[in-house]
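Letters A, B, ... are given to chains in the order of the sequence lines, protein chains preceding strands, and every chain is numbered from 1. Just the heavy atoms: all of them, side chains too, but no hydrogens, waters or symmetry mates, feed the values below.
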Amino acid sequence: MIGKMFALVDCNNFYASCERVFRPDLEGVPIVVLSNNDGCVIARSNEVKALGVPMGAPYFKVKDMLNAGGVKIFSSNYALYGDMSGRVMTILYSFSPEVEIYSIDEAFIDLDGFAPNVIIAQMNALRANIKKWTSIPVSIGIGPTKTLAKIAAERAKKDLSLGGVCMLDGKTQTHSALNLTPVGDVWGIGRAWNKRLNAGGIITALDFANQPMQLVRKKIGVSGARTWLELNGTRAFVIEMQPGIRKSCISSRSFSKNVTVLDELKEAIATFAARASERLRGERMAAGTISVFLLANRFDENSIAANSSATVTLDNPSANTVEITQGALAALAKAYKKGIAYKKAGVSLLELSPMHSLQPSLFSAAPDKENRAHNLQIAIDKINSSPRAVRDMVHIGARKQKGNWHMRQDMRSPRYTTSWRELPRVT
Amino acid sequence: MSNHTTTIKKQCSSNSPADVDAVFSVNAISNQGADDTTTRVAVFSSTVRAGFPSPAEDYIEGMLDLNEHLISHPAATFIVRVAGDSMVGAGIYPNDLLVVDRSIRPAPGRIVIAMVAGGLTVKRLEIKNKRWRLVAANPDYPPIEISPIADGVEPEDCTIWGVVSSTIRKF
């Protein structure tokens with residue numbers, strides 16, 4: 001039986017795929033992308049996965065292995081990734097208004113209202129569309145719950161015979177997909193739980209789904225029970241989930257009515273920026289790049305042409321609401337077009353790094369000082385969330401960079417799509 | 001005697017614009033600082049029309065937008081810079097910018113960006129002797145054969161990166 005379905009559109013090895021867009025010579029060549037400051041591996045092409053280079057490996061540890069494998073190494077280029085992500089999301093949005101951008105390279109589409117017998121054909125067409133327009137390969141997983149859609153997307157990525165699209169709409173199919181999925185790979189099962197579950201003989205997602213629900217609730221609590229329900233086909237994550245931040249932190253919302261006025265957008269963007277930076281601080285992370293996207297009302301004429309995004313790079317990674325809001329508003333000014341009826345907007349924070357790895361100017365040695373900074377932050381958050389926040393926004397004087405700290409990104413590719421001086425060259 | 005200052009600020013109304021045209025916030029500030037009060041009242045609850053509408057109202061437009069003119073599918077459009085002289089006969093010179101729209105289907109006669117020898121090159125797409133080929137607009141460059149025409153094989157599947165929709169040259 002087919003009920004309502006979700007699709008998860010997941011870009012394959014997104015950063016590595018972005019590096020290939022203007023480099024046909026890199027097709028089939030192993031690629032890694034390093035985190036900012038060239039610290040560790042944050043993206044791997046399939047060829048690199050095959051070499052056995054683990055995700056998150058410190059660069060210095062795998063350097064020899066990468067060189068021996070002829071791997072092409074890139075510093076991260078968030079201007080490019082942000083722009084390519086905006087393109088993919090724009091295509092999704094033109095396909096359906098029911099898009100929930102989940103991370104820089106993943107989005108859910110609510111397929112409620114799609115005739116079940118055409119879903120696979122539609123998703124194949126969408127996948128081909130994204131590939132043709134942007135050259136980014138995606139996998140699409142379809143399932144009755146978000147957790148199952150995520151598992152389906154993983155199957156679509158791993159099982160090449162599926163042609164990039166996998167739908168879990170029957171018991172047999174769902175069970176075999178769950179059986180192929182390690183329980184630790186299931187959304188909402190953390191690393192700690194993975195170990196304990198494995199110790200208890202629960203190895204696959206199917207093992208987990210087959211446990212009595214009461215037992216799951218008793219042992220793992222409500223969140224475990226939700227995951228259990230989702231695996232068994234009952235929607236338990238109704239609202240946007242807020243899982244741990246991986247590569248990006250996004251805050252966005254559809255407006256209840258179209259917004260055309262810049263001031264109103266500023267207000268929304270400032271709110272999103274504050275929310276996203278709050279989450280960032282909660283995860284003890286900082287962002288180096290801020291991207292703002294605006295989606296036009298798709299029922300307006302020329303609306304797809306009106307979608308836009310812009311990216312701003314901070315001098316220093318920050319989790320400070322004011323800095324992030326300033327960056328977001330600067331990006332908004334770049335992305336905003338007069339006369340467009342916007343339906344949705346959002347802020348994505350990219351180039352995330354752990355706060356403790358920040359340079360001294362942001363890292364307070366005295367915890368007391370840090371607390372004060374935090375209190376100031378809260379006070380500013382309060383002021384800025386007042387209705388007149390934008391015009392009267394509290395600013396902190398521009399922070400001067402201390403010392404000669406610069407982000408190391410020796411191997412960054414050109415910002416092909418956002419810098420006039422770095423455009424791709426054709427002979 | 002108290003001195004009342006009234007400030008009026010236009011706000012974006014949260015209701016439908018048809019119902020409420022404007023909500024004003026009135027700050028009544030007394031000269032005894034202690035009992036400052038702020039009251040928010042809806043001053044108008046219906047649309048106000050006064051005088052004649054400007055005859056120019058219907059014609060107010062933004063500036064001409066070159067993006068709008070040159071780019072019909074922003075998500076699929078990329079801008080590249082020309083680095084060679086192989087297309088001078090088609091009016092494409094070194095340092096020109098090309099607008100490349102990947103949503104356009106490559107067809108014979110179109111100027112395309114192709115992936116050749118690991119790089120990107122601009123050429124005209126043609127069919128000759130049942131084969132797709134890339135032809136320069138400069139006699140110094142020989143045509144490049146790319147693939148035979150086979151059932152179901154489109155040139156974009158292998159070699160064509162995108163279709164050039166316009167060129168931009170600064171003098």
Side-chain angles (χ1 to χ4, degrees), chain A residues 20-29 83-94 128-136 256-261 263-265 267-268 296 302 304-309 337-340 387-388 391 414 416-427, chain B residues 9-17 25 40 60-63 65 67-68 71-87 92 94-98 100-105 112-123 136 141 154 156-162 164:
Chain A
R20 281 185 175 143
V21 173
F22 302 98
R23 293 282 306 269
D25 57 311
L26 294 180
E27 207 50 57
V29 173
D83 178 77
M84 293 308 299
S85 170
R87 291 164 186 268
V88 172
M89 299 309 172
T90 297
I91 296 170
L92 297 184
Y93 191 71
S94 67
N129 183 184
I130 295 168
K131 175 80 180 159
K132 178 162 174 15
W133 285 31
T134 67
S135 96
I136 299 294
S256 53
K257 57 172 187 154
N258 293 333
V259 174
T260 51
V261 183
D263 276 355
E264 282 186 54
L265 280 172
E267 220 167 288
N302 298 325
I304 299 311
N307 291 340
S308 57
S309 66
K337 279 176 255 171
K338 214 173 166 178
I340 305 292
R388 269 180 284 167
R391 219 162 293 140
Y416 295 111
T417 56
T418 54
S419 166
W420 289 111
R421 275 178 297 177
E422 298 176 27
L423 294 176
R425 300 179 85 78
V426 299
T427 55
Chain B
K9 210 163 199 182
K10 190 166 181 189
Q11 278 204 321
C12 31
S13 107
S14 56
N15 300 336
S16 135
S25 139
R40 190 159 291 170
I60 293 172
E61 292 189 2
M63 288 163 65
D65 183 354
N67 285 318
E68 184 194 337
I71 300 176
S72 12
H73 307 100
T77 300
F78 297 87
I79 295 179
V80 302
R81 194 178 290 280
V82 178
D85 62 356
S86 70
M87 290 299 282
I92 294 174
N95 225 27
D96 282 1
L97 300 181
L98 302 178
V100 184
D101 186 341
R102 288 179 55 108
S103 74
I104 300 174
R105 198 192 147 113
V112 298
I113 303 298
M115 301 180 274
V116 174
L120 296 174
T121 184
V122 53
K123 295 288 178 289
Y141 296 80
E154 298 287 339
E156 69 255 44
D157 290 339
C158 36
T159 356
I160 305 303
W161 191 88
V164 176

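Partners of S419(A) under the side-chain hydrogen bond (donor to acceptor under 3.5 Å, both in side chains) rule, at least two apart in sequence or in another chain, do not exist in this structure.
Heavy atoms closer than 4.5 Å to chain A are found in both the backbone and the side chain of S103(B). In this structure, the portion of T417(A) lying under 4.5 Å from any heavy atom of chain B is its side chain and not its backbone. With a 4.5 angstrom heavy-atom cutoff, V261(A) does not touch chain B via any of its atoms. For M84(A), the part lying near chain B is the side chain, with the backbone staying farther off; criterion is any non-hydrogen pair under 4.5 Å.
The aromatic rings of W161(B) and F22(A) lie tilted to each other, with the angle between the two planes from 30° to 60°.
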When the side chains of residues 112-121 of chain B are checked against the rest of the protein, which donor-acceptor pairs come out under 3.5 Å, sequence neighbours left out?
unit_1: T121(B); atom_1: OG1; unit_2: T427(A); atom_2: O; d: 3.0
unit_1: T121(B); atom_1: OG1; unit_2: K123(B); atom_2: NZ; d: 2.7

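Distance alone, capped at 3.5 Å, is enough to place a donor-acceptor pair between the R87(A) side chain and the T77(B) backbone.
Pairing each heavy atom of I91(A) with each of A75(B), the nearest pair is CG1-CB, 4.0 Å.
To the nearest 0.5 Å, the span separating CD on E422(A) from CZ on R81(B) amounts to 11.5 Å.
Residue L423(A) is tested with L98(B), L97(B), V82(B) for a side chain to side chain contact (heavy atoms under 4.5 Å, CB included); the sole match is L97(B).
Counting heavy atoms from C-beta outward, R102(B) and S135(A) have side chains that approach closer than 4.5 Å.
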